[in-house]
Amino acid sequence: MDYRDSPEEGEFRLALRAWLEKNVPKGWQDIKDDEGRRQLRKSWHRTLFDAGYVGLGWKVEYGGQGLSPIYDAILNEEAARVDAPELPSMISYLGQAVAGYATEEQKRRFLPPMLNGDVQWCQGFSEPSAGSDLAALRTRAVLDGGSYVVNGQKVWTSLALYSDWCLLLVRTDPKAPKHKGITCLLTPLDAPGITVRPIRLHNGLNDSAEVFLDDVRIPVDNRLGQEGDGWKLAMTTVSYERGAADVGYLSTILRQLDLIETEARGRGSLDDIAVRRALTKVWLDAEALRCNAAYQLSLRVQGKPPGPEGSIGKLLWSRAAHSVAHATLDVRGASSLGNNDDEWFERYLYSRVVSVYGGSTQIQKNIIARLLDMPRGN
Ligand SMILES: Cc1cc2nc3c(=O)[nH]c(=O)nc-3n(C[C@H](O)[C@H](O)[C@H](O)COP(=O)(O)OP(=O)(O)OC[C@H]3O[C@@H](n4cnc5c(N)ncnc54)[C@H](O)[C@@H]3O)c2cc1C
């Protein structure tokens, strides 16, 4: 595969670059309050949609543009390059799950408002005792007439506070083997019995939440797929979390590397061997991420769906995020530690989060070991 832009891709990139320069909201990083963040998420999604930049790779019959995954990669790359607000990532992975498992009626009902941003979604998989071991989830759904009655708790649900609906995994058959008794319900977060309690992260933002469900009634029509399809559906969703987005992470890492290098030059420490080593490590980790992202992208372009090898991308990305954060400390020294308002220190702390969400580093290594046919650990 030739990784250089084709003339059409190059034209798309230049038009997008000019559009981003005009439209990225100034000072969005300073919006910290809940209502402001909710509005930002929705309005940025709508702005992108109106300009034709949402659903580039979605099938035309679902309202997308049916373009190759390369275009989504270009969007991720250019948006990260100028530090735009987060792209509506639910489109790329939650949307794939809905599009893949929904009935025709559900597609007509749920996909258009998901695409245009009118309805924001979050992913309710993890529970207090079911993160790495997701199949151990215990939120229970019992059929009662035309509804499921749901009781249980989700945790770490990203953006739940700013979302309208949730892709919720529940246990419908407690007697079946644990991977088989799981079902997915499309759940409105304003249903009676749902409480969303924010989890304040180290950066002061309420971007994660606990979601409590007490006797919540969800109509059977909101079931996605059949009873027992939940595990398969969850695996489809997480496999789409990786891919074009990796190209965007790479852009972010390179932008940060550039900032640290400038800082080191300003401090006169560019000749310091520890600093040089740290910066070189970031560059090498970024290069590994680039090669893997390019390879994964070439598979997507050939129409191959993502699989467990996405774990390699997650591992490389976490590693690069750690390296860039450590390099920051090497350049700035101990003075940047302990000051929570320092944006570099905040980035350092966030790099620890990267190696947990979307599956921890240890779990990614276990998956890769299985891909390599290595013996299972205890
Ligand atoms: C900021 C943030 C956002 C998140 N967003 C979402 C979201 O939107 N939706 C959602 O459903 N979930 C979300 N999560 C949850 C995330 O997927 C889990 O936190 C993650 O899978 C780890 O699960 P856990 O927290 O239960 O830790 P545990 O599973 O308890 O793991 C604890 C430690 O033990 C290690 N470990 C566990 N099992 C093994 C093993 N078999 N072999 C080796 N080591 C092991 C882990 O690597 C980890 O270091 C988010 C988490 C965070 C921190």
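Every number for a ligand or one of its atoms is a count from 1 in the order of the listing. A quick note: this is a predicted structure, and the numbers were derived from the prediction, not measured.
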Hydrogens and angles aside, do [X] and [Y] bring a side-chain donor and acceptor to less than 3.5 Å of each other?
X	Y	value
E8	Y71	no
E105	T103	no
S323	D285	yes
Y249	N76	no

For [atom], decide whether some protein heavy-atom distance is shorter than 4.0 Å.
atom	answer
atom 4 (C) of ligand 1	yes
atom 32 (C) of ligand 1	no
atom 21 (O) of ligand 1	yes
atom 35 (C) of ligand 1	no

Give the residue and atom name of whichever protein heavy atom lies nearest to [atom], and the separation in Å to one decimal.
atom	answer
atom 25 (O) of ligand 1	W156 NE1, 4.2 Å
atom 9 (N) of ligand 1	Q123 O, 2.8 Å
atom 11 (O) of ligand 1	S126 N, 2.7 Å
atom 52 (C) of ligand 1	Y357 CB, 3.6 Å
atom 26 (O) of ligand 1	G131 CA, 3.3 Å

Answer yes when [X] and [Y] have at least one side-chain N-carboxylate O distance shorter than 4.0 Å, and no when they do not.
X	Y	result
R300	D72	no
D144	R217	yes
R37	D207	yes

Quick one: does S360 get an N or O within less than 3.5 Å of an N or O on ligand 1?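 The answer is yes, given that S360 and ligand 1 share an N or O pair closer than 3.5 Å.
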Compute the shortest N/O to N/O distance between F125 and ligand 1 and return yes if it is under 3.5 Å, no if not.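 Checking ligand 1 against F125, an N or O pair does fall under 3.5 Å apart.
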Which one of L289, V356, V353, T361 satisfies the side chain to side chain contact (heavy atoms under 4.5 Å, CB included) criterion with S318?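 Result: among L289, V356, V353, T361, T361 is the only option passing the side chain to side chain contact (heavy atoms under 4.5 Å, CB included) with S318.
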Check the surroundings of atom CD in Q29: do more than 12 heavy atoms from other residues, nucleotides or ligands lie under 6.0 Å from it?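 Above 12, so yes.
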At a 4.0 Å threshold, what atoms of ligand 1 neighbour a non-hydrogen atom of V353?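 Counting atoms of ligand 1 from 1, those under 4.0 Å from V353 are 1 (C).
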Who's closest to [atom] heavy-atom-wise, of [options]?
atom	options	value
atom 29 (O) of ligand 1	C122, G124, S158, S132	S132
atom 19 (O) of ligand 1	I363, V356, N366	V356
atom 44 (N) of ligand 1	Q362, E127, K365, M90	Q362

Atom pairs and distances, donor-acceptor, side-chain atoms in residues 153-160, under 3.5 Å, two or more places apart:
unit_1	atom_1	unit_2	atom_2	d
Q153	NE2	E210	OE2	3.1
K154	NZ	F125	O	3.0
K154	NZ	E127	OE2	2.8
K154	NZ	L169	O	2.7

